[in-house]
**Student:** 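Let me give you the structure first, and then I'll get to my questions.
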Amino acid sequence: MTIVGIVGGGPEDKLPDLHLYNEQNVQWIGADRGSLYLLNQGIVPDYAMGDFDSISEDEKAMLHRKVNQVDTYPIEKDQTDLEIAVQKAIELKPDKIYLFGVTGGRLDHELVNIQLLYQLSGQNLRGIIVDKENLIELKRAGVHIVEYDENYENISLIPQTPVIKNLTLKNFYYPLTNATLEFGTTLSTSNRLIGKKGTFSFDEGILLVVRSDAVHQ
């Protein structure tokens with residue numbers, strides 16, 4: 001399995017231990033300041049990309065010394081540094097893409113970063129946003145398996161389309177059978193599994209699956 005890990009320039013204290021995701025076949029992309037975050041955790045990115053307007057000249061020089069491929073873009077452009085990194089990740093044709101350093105900080109950046117999951121889903125790629133407190137994925141209609149994770153026990157299913165049809169939850173504390181969810185409902189918020197594995201399925205719509213730790217409810 002080929003995996004790409006992208007690290008953005010969001011608040012560094014929101015990052016998990018990236019070594020937990022530093023598997024053998026991972027390629028790392030640093031988006032702007034995210035390249036420095038990788039180096040701070042002892043991981044040399046395969047690619048450093050962005051306009052680098054958030055780092056000093058000394059930090060830029062260090063990137064050029066330590067990273068083989070540094071791609072610099074103009075500050076005035078039509079894409080964010082993170083979207084440029086996502087496009088690069090898609091070119092690498094991975095099976096899965098992790099996005100770190102894309103939550104917290106500016107709300108507009110966080111919201112649009114979450115929406116980048118639509119690009120990955122449209123390419124039939126699994127994209128997962130990870131921070132210290134949350135895992136975020138986008139799921140389209142079908143049957144999906146959820147495995148228990150003690151670090152992210154709470155599970156919320158948030159409609160991203162006007163209607164979610166025939167939502168069924170099995171092995172969840174709060175089960176549902178063929179339920180209809182409308183955009184803006186909180187019905188499927190803050191659930192959890194009752195075993196090691198559960199499933200959810202639906203026939204129409206798009207869901208944002210947010211898994212959070214038990215402390216932050």
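We count residues from 1, following the sequence as given.
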**Student:** Do Thr103 and Asp131 meet the criterion of a side-chain donor-acceptor pair at a distance under 3.5 Å?
**Tutor:**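 A pair is found: one side chain offers a donor N or O, the other an acceptor, under 3.5 Å apart.
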
**Student:** If the threshold is 4.0 Å, N to carboxylate O, is there a salt bridge linking Arg126 and Glu137?
**Tutor:**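 A salt bridge is present here (some side-chain N lies under 4.0 Å from a carboxylate O).
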
**Student:** With a 3.5 Å distance limit and no angle check, can you tell me whether Asp81 reaches the backbone of Asp51 through a side-chain donor-acceptor pair?
**Tutor:**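 Pair found, side chain donor or acceptor close to backbone of Asp51.
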
**Student:** What's the spacing between Glu153 CD and Arg192 CZ if we round to 0.5 Å?
**Tutor:**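 If we round to the nearest 0.5 Å, Glu153:CD and Arg192:CZ are 8.5 Å apart.
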
**Student:** At what distance, to the nearest 0.5 angstrom, does OG of Ser56 lie from CE of Met62?
**Tutor:**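 If I round to the nearest 0.5 Å, the distance is 8.0 Å.
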
**Student:** Is it true that Leu15 and Ile136 fall in one hydrophobic cluster, defined by side-chain heavy atoms closer than 4.5 Å?
**Tutor:**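 Different hydrophobic clusters.
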
**Student:** Looking at every non-hydrogen atom in both residues, tell me the closest pair between Ser35 and Ala48 and how far apart they are.
**Tutor:**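 In this case the closest contact between Ser35 and Ala48 is OG-CB, 3.2 Å.
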
**Student:** Taking all non-hydrogen atoms of both residues, which atom of Ile129 and which atom of Ile114 are closest, and how far apart?
**Tutor:**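 Shortest heavy-atom contact: CD1-CA, 3.7 Å.
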
**Student:** For residues Pro11 and Gly105, report the shortest heavy-atom separation together with the two atoms involved.
**Tutor:**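 Pro11 and Gly105 have their closest heavy atoms at CG-N, 3.5 Å.
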
**Student:** In the hydrophobic cluster built from side-chain contacts under 4.5 Å, what are the other members alongside Phe183?
**Tutor:**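 None; Phe183 is a cluster of one.
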
**Student:** Can you confirm whether Val70 sits close enough to Thr72 that some side-chain heavy atom of one is under 4.5 Å from a side-chain heavy atom of the other?
**Tutor:**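 Yes, their side chains come closer than 4.5 Å.
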
**Student:** Hey, what do you get for CG (Leu120) to CD1 (Ile90), rounding to the nearest 0.5 Å?
**Tutor:**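 Output value for this atom pair is 5.0 Å.
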
**Student:** How close do Leu39 and Pro45 get, heavy atom to heavy atom, and via which atoms?
**Tutor:**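 Taking every non-hydrogen atom into account, CD2-CD, 3.9 Å.
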
**Student:** For Asp17, does the CG atom sit with more than 12 other heavy atoms under 6.0 Å from it, leaving out its own atoms?
**Tutor:**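 Yes, because the 6.0 Å sphere around CG of Asp17 holds more than 12 heavy atoms from other groups.
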
**Student:** Are the side chain of Asp53 and the backbone of Ile75 linked by a donor-acceptor contact shorter than 3.5 Å?
**Tutor:**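 No; zero donor-acceptor contacts below 3.5 Å.
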
**Student:** Are the side chain of Tyr37 and the backbone of Gly10 linked by a donor-acceptor contact shorter than 3.5 Å?
**Tutor:**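 Confirmed, Tyr37 side chain pairs with Gly10 backbone.
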
**Student:** Are the side chain of His19 and the backbone of Gln41 linked by a donor-acceptor contact shorter than 3.5 Å?
**Tutor:**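 Between the backbone of Gln41 and the side chain of His19 there is a qualifying donor-acceptor contact (under 3.5 Å).
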
**Student:** Which is it for Ser212 and Asn134 under the side-chain hydrogen bond (donor to acceptor under 3.5 Å, both in side chains) test, yes or no, and what are the steps along the way?
**Tutor:** CA-CA 4 Å; Ser212 305; Asn134 307 281; 2.8 Å; yes

**Student:** Check whether Ser156 reaches the backbone of Ser190 with its side chain - one donor and one acceptor, N or O, closer than 3.5 Å.
**Tutor:**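 Confirmed, Ser156 side chain pairs with Ser190 backbone.
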
**Student:** Start with the C-alpha gap between Asp71 and Gln69, add the side-chain angles, then the distance that decides, and say whether side-chain hydrogen bond (donor to acceptor under 3.5 Å, both in side chains) holds.
**Tutor:** CA-CA 6 Å; Asp71 298 331; Gln69 185 162 338; 3.2 Å; yes

**Student:** Run the side chain to side chain contact (heavy atoms under 4.5 Å, CB included) test on Val44 and Leu38 for me, step by step, so that the C-alpha distance in whole Å, both residues' side-chain angles and the decisive distance to 0.1 Å come before the verdict.
**Tutor:** CA-CA 6 Å; Val44 178; Leu38 278 162; over 6 Å; no

**Student:** Is any side-chain heavy atom of Thr189 closer than 4.5 Å to a side-chain heavy atom of Asn154?
**Tutor:**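 No; the side chains remain at least 4.5 Å from each other.
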
**Student:** Leu18 and Tyr152: same hydrophobic cluster, using ILVMFWY side-chain contacts below 4.5 Å?
**Tutor:**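 Yes, one cluster joins them.
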
**Student:** Could you walk me through whether Glu147 and Lys196 satisfy the side chain to side chain contact (heavy atoms under 4.5 Å, CB included) test, starting with their C-alpha distance in whole Å, then the side-chain angles of each, then the deciding distance to 0.1 Å, before giving a yes or no?
**Tutor:** CA-CA 6 Å; Glu147 295 185 354; Lys196 293 297 183 181; over 6 Å; no

**Student:** Tell me, do Lys93 and Thr2 make a side-chain contact under 4.5 Å, heavy atoms counted?
**Tutor:**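 Side chain of Lys93 against side chain of Thr2, heavy atoms only: no contact under 4.5 Å found.
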
**Student:** Under 4.5 Å between any side-chain heavy atoms of Asn151 and Asp213, yes or no?
**Tutor:**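 They are not in side-chain contact.
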
**Student:** Return yes when atom NZ of Lys77 has more than 12 non-hydrogen atoms of other residues, nucleotides or ligands closer than 6.0 Å, and no otherwise.
**Tutor:**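 Yes - once you tally the heavy atoms of other residues, nucleotides and ligands closer than 6.0 Å, there are more than 12.
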
**Student:** Classify the angle between the aromatic ring planes of Phe100 and Trp28 as parallel (below 30°), tilted (30 to 60°) or perpendicular (above 60°).
**Tutor:**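 Taking Trp28 first and then Phe100, their aromatic rings sit tilted (interplane angle of 30° to 60°).
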
**Student:** In terms of hydrophobic clustering (I, L, V, M, F, W, Y; side-chain heavy atoms under 4.5 Å; direct or indirect links), are Val210 and Leu117 co-clustered?
**Tutor:**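 Cluster IDs for Val210 and Leu117 match.
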
**Student:** Quick one: closest heavy-atom pair of Ser121 and Leu138, and the distance?
**Tutor:**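 Closest approach of Ser121 to Leu138, heavy atoms only: CB-CD2, 4.1 Å.
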
**Student:** Would you kindly confirm whether Ile6 and Leu116 end up in one hydrophobic cluster when ILVMFWY residues are joined by side chain heavy atoms under 4.5 Å apart?
**Tutor:**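 Yes, it is one cluster - the side chains of Ile6 and Leu116 are joined through contacts under 4.5 Å.
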
**Student:** Using 0.5 Å steps for rounding, measure from the CD atom of Glu83 to the CE atom of Met49.
**Tutor:**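 If we round to the nearest 0.5 Å, Glu83:CD and Met49:CE are 12.0 Å apart.
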
**Student:** Working note: Asn166 + Glu204, criterion side-chain hydrogen bond (donor to acceptor under 3.5 Å, both in side chains); need CA distance, chi angles, decisive distance, verdict.
**Tutor:** CA-CA 8 Å; Asn166 296 325; Glu204 183 179 317; over 6 Å; no

**Student:** Calculate, to the nearest 0.5 Å, the distance between atoms CZ and OH belonging to Arg140 and Tyr118 respectively.
**Tutor:**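 Here the interatomic distance stands at 7.5 Å.
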
**Student:** Is Asp149 paired with Arg211 through a side-chain N to carboxylate O contact shorter than 4.0 Å?
**Tutor:**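 Looking at Arg211 and Asp149, the cut-off is not met.
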
**Student:** Let me see the working for Lys14 and Lys132 under side chain to side chain contact (heavy atoms under 4.5 Å, CB included), right down to the final yes or no.
**Tutor:** CA-CA 6 Å; Lys14 296 281 286 183; Lys132 280 185 175 179; 5.8 Å; no

**Student:** Hey, is Glu59 close enough to Arg33 for a salt bridge, meaning N to O under 4.0 Å?
**Tutor:**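 Arg33 and Glu59: salt-bridged.
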
**Student:** Can a donor-acceptor pair be found, under 3.5 Å and without considering hydrogens, that links the side chain of Asn113 to the backbone of Val102?
**Tutor:**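 Yes, because the side chain of Asn113 sits within donor-acceptor range (under 3.5 Å) of the backbone of Val102.
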
**Student:** Other residues, nucleotides and ligands only: do more than 12 of their heavy atoms fall within 6.0 Å of CG on Leu111?
**Tutor:**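 Count over threshold, so yes.
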
**Student:** Can you measure from CD1 (Ile158) to CG (Leu208) and round to the nearest 0.5 angstrom?
**Tutor:**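 With rounding to 0.5 Å, CD1 (Ile158) is 5.5 Å from CG (Leu208).
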
**Student:** For Phe52 and Tyr73, run ring-ring contact (aromatic ring centres under 6.0 Å, His included): C-alpha distance rounded to whole Å, both residues' side-chain angles, the deciding distance at 0.1 Å, then the answer.
**Tutor:** CA-CA 8 Å; Phe52 302 110; Tyr73 294 80; 8.6 Å; no

**Student:** Kindly say whether Ile206 contributes a backbone atom to a donor-acceptor pair with the side chain of Thr161 at under 3.5 angstrom?
**Tutor:**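 Answer holds: yes.
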
**Student:** Run through the side-chain heavy atoms of Ile, Leu, Val, Met, Phe, Trp and Tyr, join any pair under 4.5 Å, and report what else lands in Tyr174's cluster.
**Tutor:**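 Taking Ile, Leu, Val, Met, Phe, Trp and Tyr as members, Tyr174 shares its hydrophobic cluster with Tyr173, Ile194.
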
**Student:** Set out, in order, the CA-CA distance, both residues' side-chain angles and the distance that settles side chain to side chain contact (heavy atoms under 4.5 Å, CB included) for Val26 and Val4, then state yes or no.
**Tutor:** CA-CA 5 Å; Val26 175; Val4 173; over 6 Å; no

**Student:** List, by chain and then residue number, the residues other than Leu187 in its hydrophobic cluster (Ile/Leu/Val/Met/Phe/Trp/Tyr, side-chain heavy atoms under 4.5 Å); write none if there are no others.
**Tutor:**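 Other cluster members: Val146, Tyr148, Ile155, Leu157, Ile164, Leu167, Leu169, Phe172, Leu176, Leu181, Leu193, Phe200, Phe202, Leu207, Val209.
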
**Student:** Is it the case that one hydrophobic cluster holds both Tyr98 and Ile29, taking links as side-chain heavy atoms less than 4.5 Å apart, direct or via other members?
**Tutor:**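 They do not share one cluster, since no chain of ILVMFWY contacts under 4.5 Å joins Tyr98 to Ile29.
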
**Student:** Go through the steps for Gln79 and Gln87 under the test side-chain hydrogen bond (donor to acceptor under 3.5 Å, both in side chains), then give the verdict.
**Tutor:** CA-CA 10 Å; Gln79 296 173 299; Gln87 289 300 313; 5.4 Å; no

**Student:** Taking Thr168 for its side chain and Asn178 for its backbone only, find out whether a donor-acceptor pair lies under 3.5 Å.
**Tutor:**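 Yes, the answer is positive, given that a donor and an acceptor are paired below the 3.5 Å cut-off.
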
